[in-house]
Amino acid sequence: MSAPPTTRGEPITDRRQLVAYLESGCKPAEAWRIGTEHEKFAYRVADRRPLPYDGPDGIRELLTRLTRFGWQPVEEKGNIIALIDGMANITLEPGGQVELSGAPLRDLHETAAELAQHLAQVGEVGAELGIAMMGLGFQPKWTRDDIPWMPKGRYKVMRNYMPKVGSLGLDMMTRTCTVQVNLDFASEADMVKKFRVSLALQPIATALFANSPFTEGQPNGFQSYRSHIWTDTDADRTGDIPFVFEDGFGFERYVDYLLKTPMYFVYRDGTYIDAAGQSFVDFLDGKLPALPGETPLLTDWADHTTTAFPEVRLKKYLEMRGADAGSLPNLCALSALWVGLLYDDQALDAAWDLVKDWTTPERAALRAEVPRAGLRTPFRDRTVREVALETLAIARDGLVRRARNNDAGQDESLYLDTLDAIAQNNHSPADELLARFNSAWGGSVDPVFKDCAY
């Protein structure tokens, strides 16, 4: 989730501006970048409880102390709710999950360095405050009522609206963490191909990165409970959006989808105005109940594009959304997987050949079944594990061909090693956590706060 938007922006007078906004993301291959985002749970080391916003060891103090590293604070109504450093920012999810939205970087070696530097910074401040952070897909111990809410107006609107459209939306907001990567496209045709490949393969990523097998101290029966939560959050703005695979899909068709997606808010003069459930089409016509007589600015459209939550999201780039948060190697691996598949023409062609005959029901079945069964999910005459091995081989070849080497002469394919081990051993991060729970941890999730800390 982004820092507070600006109220500046040109008025929208023509629907073509909405399409042009997305289209403006097109750029030549030499300008393509990698933007990695990851969320993590922050907690007190002494009692493992999630952090409140205020207090001597709260989120506000954490953000304040991080400014020593050059981060500039962003405030909303007097509260620090984000930090910015150039093209990177640190933001807060509703339950105090701390998110790094990394800068657009040229290669995965820069990504690895950025992630390591960020974790070192929060680790230094955390040691002073007696707090730590860990990467899992779902809060393993605490209930929804145990989670403090962050003082952001956007989240107040969503908190009130979520229970009206699904039973797990508040859990999504307060108790989940993900790792995502944002990637570029050259043209509308390139966007479409990348969108289709990544949307079809998103369940494969979910299985490889599955890391949320506990709820309130006990196994929950899922490999990725975080992924399952999205199936009952808000059907109007989530899912695998099958129209992406229909003839004629492009920027305009995605605009149609966004226009059908109910709004959350309008941001004006430092305040989030509740427009939850209202129509952006009505806004274009000056008939929005929340702001009668007003029509939107292009910044309002930019905000609205962030309120749809499909498994792959189109803004001025494509955002991969299917993975649970995890260890530092897995954070780098998420970006490596998708860069290998989407940033090399041969790999993209091979990935498309892999998925192009998958049917809408098959893709839907994968989306429904992978959160529970993970790599062991049956698919056609094999399992998701076997599809994952083939996918990883394609991605590795793509990274080798990119030939972006570090100072030691290693190319970017080294960041896939952790995923190769997962797929070859048929043993996900969730499987590893469950094995520890049933052995070394003695049936308690408390050791996860130490074992999975960054």
Side-chain angles (χ1 to χ4, degrees), residues 36 38-43 45 48 97 112 115-116 119 123 132-142 175-180 202-229 320 322-337 366 369-378 383-389 391-392 395-396 414-454:
T36 304
H38 85 280
E39 302 159 359
K40 49 208 167 292
F41 295 110
Y43 56 93
V45 174
R48 308 179 187 90
Q97 306 97 311
L115 290 169
L119 292 177
M133 298 189 188
M134 66 177 178
L136 270 78
F138 190 76
Q139 164 58 246
K141 179 169 182 172
W142 304 107
R175 295 203 282 175
T176 64
C177 283
T178 186
V179 53
Q180 301 172 178
Q202 214 60 223
I204 311 306
T206 299
L208 285 167
F209 290 87
N211 195 30
S212 45
F214 303 121
T215 301
E216 296 171 19
Q218 295 297 320
N220 53 33
F222 288 85
Q223 288 275 298
S224 175
Y225 189 62
R226 181 208 61 83
S227 182
H228 168 70
I229 279 174
M320 310 295 120
D324 287 0
S327 64
L328 176 56
N330 275 20
L331 300 182
C332 298
L334 187 279
S335 295
L337 173 65
L366 281 175
E369 296 167 18
V370 161
R372 188 179 294 275
L375 292 167
R376 301 171 188 86
T377 305
T383 65
V384 162
R385 170 183 175 264
E386 292 166 284
V387 180
L389 286 167
T391 302
L392 287 169
R396 182 172 290 275
L414 71 94
Y415 301 109
L416 289 180
D417 289 351
T418 182
L419 297 185
D420 283 340
I422 287 169
Q424 289 166 5
N425 297 327
N426 203 20
H427 195 73
S428 70
D431 289 325
E432 176 62 24
L433 293 178
L434 289 166
R436 295 186 195 181
F437 177 84
N438 290 315
S439 57
W441 294 355
S444 169
V445 299
D446 285 353
V448 77
F449 290 88
K450 180 179 180 181
D451 286 11
C452 291
Y454 288 116

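Note that the numbering runs from 1 along the sequence shown for the chain. Quick caveat, the model's predicted, so the values are computed rather than measured.
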Under a 4.5 Å cut-off applied to non-hydrogen side-chain atoms, are [X] and [Y] in contact?
| X | Y | value |
| --- | --- | --- |
| Leu119 | Met133 | no |
| Gln139 | Phe214 | no |
| Ile204 | Val384 | yes |
| Leu136 | Leu433 | yes |

What pair of heavy atoms forms the shortest contact from [X] to [Y], and how long is it?
| X | Y | result |
| --- | --- | --- |
| Met134 | Tyr454 | C-CE1, 3.6 Å |
| Leu434 | Pro219 | CD2-CB, 3.9 Å |
| Ser212 | Ala430 | N-CB, 4.4 Å |
| Gln218 | Phe437 | OE1-CZ, 4.0 Å |
| Pro429 | Ile422 | CD-CD1, 3.8 Å |

Residues in side chain to side chain donor-acceptor pair (under 3.5 Å) contact with [X], at least two apart in sequence or another chain:
| X | result |
| --- | --- |
| Asp451 | Arg436, Trp441 |
| Asp417 | Arg396 |
| Thr391 | none |
| Ser224 | Asp324 |

Roughly how far apart are [X] [atom1] and [Y] [atom2], rounded to 0.5 Å?
| X | Y | atom1 | atom2 | answer |
| --- | --- | --- | --- | --- |
| Trp142 | Thr215 | CH2 | OG1 | 14.5 Å |
| Leu392 | Gln424 | CG | CD | 8.5 Å |
| Cys177 | Lys40 | SG | NZ | 8.0 Å |
| Glu386 | Asn426 | CD | CG | 9.0 Å |
| Asn211 | Arg226 | CG | CZ | 10.5 Å |

Report yes or no: do Gln223 and Asp431 form a side-chain donor-acceptor pair below 3.5 Å?
yes
Flag for Gln180-His38: side-chain donor and acceptor within less than 3.5 Å
no
Distance-only donor-acceptor pairs under 3.5 Å for side chains of residues 325-337, two or more places apart:
from: Ser327; atom 1: OG; to: Asn330; atom 2: N; distance (Å): 3.4
from: Asn330; atom 1: OD1; to: Thr418; atom 2: OG1; distance (Å): 2.9
from: Ser335; atom 1: OG; to: Thr36; atom 2: OG1; distance (Å): 2.6

Using modelled atom types and a 3.5 Å cut-off, is there a donor and acceptor pairing between side-chain atoms of Thr383 and backbone atoms of Arg376?
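Answer holds: no.
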Tell me every residue that passes ring pair (Phe, Tyr, Trp, His ring centres under 6.0 Å) with Tyr225, counting only those two or more places apart in sequence or in another chain.
Phe138, Phe222, His228
Between Glu216 and Arg175, is there a side-chain N and carboxylate O pair less than 4.0 Å apart?
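The answer is yes: the pair qualifies as a salt bridge.
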